[in-house]
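Below is one structure, written out as structure tokens; comments come after it.
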Amino acid sequence: MAKTVQVETVAEAYLELLAARGVDYFFGNGGTDFAPIVEAYAKRFTQEQMLPKPIPVPHEITAVAMAHGYTMVTGKPQVVMVHTIPGTANATSGIINANRSNTPMLFTAGRTPLTEGDVSGSRDGGIHWAQESFDQGSMVREWVKWDYELRSDSDVEGVVDRALALTQSEPAGPVYLTLPREVLGRRIESFTYGEKPRMAPAGERMPGPNLIEQAARALASAKSPMLVTRASGRDPEAVAPLVALAETLGMPVFESGLSFVNFPQDHPLHAGGDVASALAEADAVVVMEVDVPWTPKRTGPQEEATVIHIGEDPLYARYPIRGYRADLNLTGSPRLTLAALNEAVQRIGVDAGAVKERTAKWGEARGKRAEATSARAEAGKNDVPINKAYFSNELGKRLGDDTILMNELGIDASQIAFTSPGTTYGISPAGSLGWAVGASLGAKLAAPDKTIVCCTGDGSYIFGSGTSGHIVSQAQDIPILFIVWNNGIWNAVKSSARNMNPNGYAAQTDTWAVTTLSQGFNYEMICQASGGYGERVEDPAEVPAAIDRALHAVRVEKRQALLNVVGA
């Protein structure tokens, strides 16, 4: 059924359609191209049309990350709009993260006015010549699924519906739409659109029955099966069928990195992250939604093993090179694939005694690993600078299903056993730093009743424009606990340099050029400047109380807080 509304401009029609399509938030970092959007919102507010709610964000990396975080929690893509070419450039690292983590997003940018004449919205500022490019979409084309420029008011519905359908179709990812000022400002009298979108996202897919049967037989006959994942928990409904298949086979589940809760970490078959330790014995290896299950130059499965890949895009077609062996590729929804595999394995039958033995073996290993993890935290409780394992263990004691932890190199995640889907999220494998600050704000918008804890390294906090995040937190009343792990160095850079030249000059002299930051910087004062609670934590004896004080500020006082933890 069609609906007709009275509007004055294409910008009004555009916002009306976004609201009708269920977009909750419009994250904007404005420029001269936003004039029609600003006017359209002013009119909508007079008519008490509040959606999609506009959120002004002082930096593009924060805006993109907010949309990313909101979608991680809800599954619903949101809209980001930035200022022409400069805004697109600033936002691109966040778009790379969204691309590599398969996060849907309608990423938009104004387009420098097309015309020099008297048309409404045409060029009237000095920047309108230097800011134009021959092909604006080329700036991000490698990192989006689709890009287009809105050219006519008659195309608004088709273009927006296509963008939203494409961004949500698996493998999901961001799309890019440019919006010329003259088009947005064009005068129209009414806008007619369908109450249902013109097109739906592509439906869920499943591997064919023959592939399911082959994979099931390989797993059912295996003496030492194993599974590696990183991001299968992007779909929370994939966790239960993974547990069911693992229990049917007595199969350990390893996590090569942690972007989501993929498998309950207190389960006997949760095997941690040391994938290499099991590969030598495994005769069936399942690689599910993980781009780098192991490092080929260091380890790999035995030649006789059957290697099975599961995922929406198990070959990672957009990666230029990725040479992992794949004897079977099961393309489709992991949730559906796992359920079908489990049914087939049970139909074929598995040696119950072997399953029991494997489950006991991996359960014992998990128990020993947990004891060693706790011992590592206890051993570091008096260390100065503060020990990361100890701090993370104390933080973990205060987390539960009423909290969401966003982690970007800020804690030792092995110290916390995440058991429920949706309780932790991590940065994309692309590693474009600066994600967690904005993503935490987006997560709080998505789950206002949860306590959101943002854990970042000091380098990540700087890349994430902490100032921008604190301004948004204050202005939008979004209380977050920010934890900055202040070790005064880009550790990833140092580790890479050491790994490449373990006996080189840098390692021998402990000289790590262009890797150091200042541990003396008072990050907590940035939060205080935004009305939040801030504390510098240097004494390990103060760690438990400091965490409690910060959580009290967020949960009881309803204001943001930041702990500047000076650690090793």
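On a predicted model such as this, the values are computed, not experimentally measured, just so you know.
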*At what distance, to the nearest 0.5 angstrom, does OG1 of Thr424 lie from CZ of Phe418?*
4.0 Å

*Aromatic rings Phe263 and His270: how do their planes relate, parallel, tilted or perpendicular, breaks at 30° and 60°?*
parallel

*Please check if the side chain of Asn564 supplies one atom and the backbone of Phe521 the other of a donor-acceptor pair under 3.5 Å.*
yes

*Answer with yes or no whether the side chains of Arg376 and Ser414 bring together a donor and an acceptor at under 3.5 Å.*
yes

*Step-by-step side-chain contact (heavy atoms from CB on, under 4.5 Å) determination, Leu562 to Val484*: CA-CA 7 Å; Leu562 186 147; Val484 178; 3.9 Å; yes

*Does one side chain, of Ser420 or Asp401, offer a donor that lies under 3.5 Å from an acceptor on the other?*
yes

*Hey, are Arg366 and Glu364 close enough for a salt bridge, meaning a charged N less than 4.0 Å from a carboxylate O?*
no

*asked:* Run the side-chain hydrogen bond (donor to acceptor under 3.5 Å, both in side chains) test on Ser256 and Arg230 for me, step by step, so that the C-alpha distance in whole Å, both residues' side-chain angles and the decisive distance to 0.1 Å come before the verdict.
replied: CA-CA 5 Å; Ser256 179; Arg230 176 189 174 106; 6.0 Å; no

_From CA spacing to verdict: side-chain contact (heavy atoms from CB on, under 4.5 Å), Lys444, Leu441_ = CA-CA 5 Å; Lys444 183 64 174 180; Leu441 295 167; 5.8 Å; no

*asked:* Tell me whether His309 contacts the main-chain N or O of Arg325 through its side chain, where contact means a donor paired with an acceptor under 3.5 Å.
replied: yes

*asked:* We want to know whether Asp327 and Thr306 form a side-chain donor-acceptor pair, criterion being a heavy-atom distance below 3.5 angstrom.
replied: no

_Quick one, Val140 and Thr88 - any side-chain contact, counting heavy atoms below 4.5 Å?_
yes

*Report the C-alpha distance between Val493 and Trp512 in whole Å, list the side-chain angles of each, state the deciding distance to 0.1 Å, and finish with yes or no for side-chain contact (heavy atoms from CB on, under 4.5 Å).*
CA-CA 9 Å; Val493 183; Trp512 308 100; over 6 Å; no

*Counting distance only, does the side-chain N/O of Asp539 pair as donor-acceptor with the main-chain N or O of Val543 below 3.5 Å?*
no

*Is NZ or CZ of Arg100 both nearer than 6.0 Å to the six-membered ring centre of Tyr319 and within 45° of the ring axis?*
yes

*Report yes if the side chains of Gln560 and Tyr533 come closer than 4.5 Å at any heavy-atom pair, otherwise no.*
no

*Is the closest side-chain donor-acceptor distance between Asn262 and Glu255 under 3.5 Å?*
yes

*In sequence, state the C-alpha distance, the side-chain angles, and the governing distance for Lys450 and Asp402, and then conclude on salt bridge (charged side-chain N to carboxylate O under 4.0 Å, His left out).*
CA-CA 5 Å; Lys450 303 277 189 178; Asp402 60 341; over 6 Å; no

*Measuring from Ile489:CD1 to Thr515:OG1, what's the distance to the nearest 0.5 Å?*
3.5 Å

*Using a cut-off of 6.0 Å, state whether more than 12 heavy atoms not belonging to Lys381 lie near its atom NZ.*
no

*Polar side-chain atom of Ser530 near backbone of Gly532 as donor-acceptor pair, under 3.5 Å*: no

*Using a 4.5 Å cut-off on heavy atoms from C-beta on, say whether the side chain of Phe482 contacts that of Tyr523.*
no

*Quick one: does Met66's side chain get under 4.5 Å of Leu445's, heavy atoms only?*
yes

*Return yes if a side-chain donor-acceptor contact under 3.5 Å exists between Asn97 and Ser428, otherwise no.*
yes

*Val286 and Phe254, any side-chain heavy atoms less than 4.5 Å apart*: no

_Distance-minimising heavy-atom pair for Ala67 and Gln78_ = CB-CB, 4.3 Å

*Drop me the distance from Trp362's CH2 to Glu357's CD, to the nearest 0.5 angstrom.*
12.5 Å

_Check against side-chain contact (heavy atoms from CB on, under 4.5 Å), Gln474 and His470_ = CA-CA 6 Å; Gln474 180 191 43; His470 294 305; over 6 Å; no

*When you measure from the side chain of Tyr316 to the backbone N and O of Val290, does any donor-acceptor pair fall under 3.5 Å?*
yes

*Answer yes if the side chains of Ser232 and Thr229 hold a donor-acceptor pair under 3.5 Å, and no otherwise.*
yes

*Using 4.0 Å as the upper bound for N to carboxylate O, is an ion pair formed by Arg234 and Glu312?*
no

*Kindly give the heavy-atom pair with the smallest separation between Val355 and Glu247, and that separation in Å.*
CG1-O, 3.6 Å

*Which heavy-atom pair separates Pro264 from Val239 by the least distance, and what is that distance?*
CD-CG1, 4.1 Å

*Answer yes or no: is there a donor N or O on one side and an acceptor on the other, between the side chain of Thr403 and the main chain of Gly400, under 3.5 Å?*
yes

_Checking side-chain polar atoms at under 3.5 Å, does Ser432 have a donor or acceptor matched by the opposite partner on Ser93?_
no

*Using a strict 4.0 Å threshold on nitrogen-to-oxygen distance, state whether Asp283 and Lys223 make a salt bridge.*
no

*asked:* For Ser465 and Thr467, which I'm curious about, is there any donor-acceptor pair between the side chains at under 3.5 Å?
replied: no

*Is it true that a side-chain atom of Asn29 and a backbone atom of Val57 form a donor plus acceptor pair closer than 3.5 Å?*
yes

*Can any side-chain N or O of Asn499 pair as donor or acceptor with the backbone N or O of Ser495 at less than 3.5 Å?*
yes

*State yes or no: are the ring centers of Trp485 and Tyr461 separated by less than 6.0 Å?*
no

_Do Phe260 and Pro421 make a side-chain contact, defined as non-hydrogen atoms from C-beta onward lying under 4.5 Å apart?_
no

*Among Glu524, Glu557, Glu535, which residue meets the salt bridge (Lys or Arg N to Asp or Glu O under 4.0 Å) test with Arg549?*
Glu535

*asked:* Could you check whether Gln302 and Glu281, counting side-chain N and O atoms only, form a donor-acceptor pair closer than 3.5 Å?
replied: no

_Leu409 versus Lys388, closest heavy-atom pair with distance_ = O-NZ, 3.1 Å

*Write down the atom of Ala284, the atom of Ala305, and the distance for their closest heavy-atom approach.*
N-CB, 4.4 Å

*Can Lys397 and Glu394 be counted as an ion pair, charged N to O under 4.0 angstrom?*
yes

*Could you tell me whether the side chains of Tyr390 and Asp412 share a donor-acceptor contact shorter than 3.5 Å?*
no

*Check for a donor-acceptor pair, side chain of Ser374 on one end and backbone N or O of Glu371 on the other, with a separation under 3.5 Å.*
no

*Check whether any side-chain N or O of Ser440 sits under 3.5 Å from a backbone N or O of Met406 as a donor-acceptor pair, and report yes or no.*
no

*Is there side-chain contact between Leu481 and Leu551, with heavy atoms separated by less than 4.5 Å?*
yes

*asked:* Are the side chains of Ile95 and Val64 in contact, using a 4.5 Å heavy-atom criterion?
replied: yes

*Just how far is it from atom CD1 of Ile483 to atom OG1 of Thr456, taken to the nearest 0.5 Å?*
9.5 Å

*Roughly how far, to the nearest 0.5 Å, is the CG atom of Asn102 from the CG atom of Asp313?*
7.5 Å

*Identify the two heavy atoms, one from Asp291 and one from Pro293, that lie closest to each other, and give their separation to 0.1 Å.*
O-CD, 3.4 Å

*Can you measure from SG (Cys455) to CD (Glu408) and round to the nearest 0.5 angstrom?*
11.0 Å

